[in-house]
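All values below come from the heavy atoms of this structure, side chains included, with hydrogens, waters and symmetry mates left out. Just so you know, these numbers come straight off a predicted model, no measurement behind them. Just so it is clear: chains get the letters A, B, ... in the order the sequence lines come, proteins before strands, and each one is counted from 1.
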Amino acid sequence: AQSVTQLGSHVSVSEGALVLLRCNYSSSVPPYLFWYVQYPNQGLQLLLKYTSAATLVKGINGFEAEFKKSETSFHLTKPSAHMSDAAEYFCAVTENTGNQFYFGTGTSLTVIP
Amino acid sequence: EAQVTQNPRYLITVTGKKLTVTCSQNMNHEYMSWYRQDPGLGLRQIYYSMNVEVTDKGDVPEGYKVSRKEKRNFPLILESPSPNQTSLYFCASSLRSRGLGYTFGSGTRLTVV
């Protein structure tokens, strides 16, 4: 089975600073990778996805992620944090047939004014 | 509006009293899935369905049942709930292709006392 590891369950950044949320995956075949965001008391929303096209993927709200096969990573970045970015972020990967998604344990992002 | 609708949003019940959490999607998605979210564990898949009358176990199916009699509905059934099933539950759906990602419902917070 595939798996996802998110390093750092809590990340704090100052408003305007770079956001970097880390995600590493394990997979024996090229994966499909996703980042989701969860705001308080809401479901998860898709931020962006990698589906074997361009390795640098741009998503909503100014976020982007880069697929690095050699490092088995799919880190999420945003150049300048905004207060509204405070949320829980989940990295996910699908297995071969696409029947099951595997989610990381999540990273809670705090933005300090 | 394209959405996944779960009901109820909040539920408190007693041990052993059968309950059903409903899930409905209006996007004609073939694939539907149930997850539970617990602190520090991320999202874990309970059951999924590839199409009508086709369901399969995820990672944590014990104590749960599902059915898929219609394409739009995918109810989660707890025949005899126990306190360890206290959790936040999410229903999600996707078009057939695994590369498109999920649309999530708003969640059901279940407490079993």
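- Contact count against chain A (heavy-atom pairs under 4.5 Å) is highest for Gly42(B) among Pro39(B), Gly58(B), Gly42(B).
- Aromatic ring centres of Tyr35(B) and Phe103(A): separated by under 6.0 Å.
- The contact between Leu46(A) and chain B is made entirely by side chain atoms (from C-beta outward), counting heavy-atom distances below 4.5 Å.
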Practice task
Check the pair Phe67(A) / Tyr50(A) against ring pair (Phe, Tyr, Trp, His ring centres under 6.0 Å), numbers first and verdict last.
Solution key: CA-CA 7 Å; Phe67(A) 172 67; Tyr50(A) 167 76; 4.1 Å; yes
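- When the side chains of ILVMFWY residues are joined at heavy-atom separations under 4.5 Å, either directly or via intervening members, Tyr64(B) and Leu11(B) end up in a single hydrophobic cluster.
- The pair Lys69(B)-Glu53(B) does not meet the salt-bridge criterion, since no charged nitrogen lies less than 4.0 angstrom from a carboxylate oxygen.
- Trp34(B) and Met50(B) fall into different hydrophobic clusters, defined by Ile, Leu, Val, Met, Phe, Trp and Tyr side-chain heavy atoms under 4.5 Å apart, directly or through other members.
- Among the residues in residues 14-26 of chain B, none has a non-hydrogen atom closer than 4.5 angstrom to a non-hydrogen atom of chain A.
- Screening Tyr36(A), Phe74(A), Phe34(A) against Lys49(A) for a side chain to side chain contact (heavy atoms under 4.5 Å, CB included) leaves a single residue, Phe34(A).
- With no hydrogens or angles considered, no side-chain donor-acceptor pair links Asn24(A) and Ser73(A) at under 3.5 Å.
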Practice task
Under the ring pair (Phe, Tyr, Trp, His ring centres under 6.0 Å) rule, what do Tyr102(B) and Phe101(A) come out as? Steps first, then yes or no, please.
Solution key: CA-CA 9 Å; Tyr102(B) 280 125; Phe101(A) 276 62; 4.2 Å; yes
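- Only the side chain of Gln38(A) comes within less than 4.5 Å of a heavy atom in chain B; its backbone stays farther off.
- Taken from OG1 in Thr55(B) to CE in Met32(B), the straight-line distance is 12.5 Å, to the nearest 0.5 Å.
- Taking CZ of Phe104(B) as the reference point, atom OG of Ser94(B) lies at 10.0 Å (rounded to 0.5 Å).
- Neither the backbone nor the side chain of Gln6(B) comes within less than 4.5 Å of any heavy atom of chain A.
- The residue among Thr103(B), Leu88(B), Asp59(B), Asp56(B) with the most heavy atom pairs within less than 4.5 Å of chain A is Asp59(B).
- Contacts of residues 11-21 of chain A with chain B at a heavy-atom distance below 4.5 Å are absent; not one residue qualifies.
- Once rounded to the nearest 0.5 Å, the distance linking OH of Tyr31(B) with OG of Ser33(B) reads 4.5 Å.
- Of all non-hydrogen atoms in Lys71(B) and Glu30(B), the two that sit nearest each other are CE-CG, 3.6 Å.
- Proximity to chain A involves both the backbone and the side chain of Leu43(B), based on heavy atoms less than 4.5 angstrom apart.
- Residue contact with chain A, scored on non-hydrogen atoms closer than 4.5 Å, is absent for Arg44(B).
- One distance of note links OG1 of Thr72(A) with OH of Tyr25(A); it measures 5.5 Å at 0.5 Å rounding.
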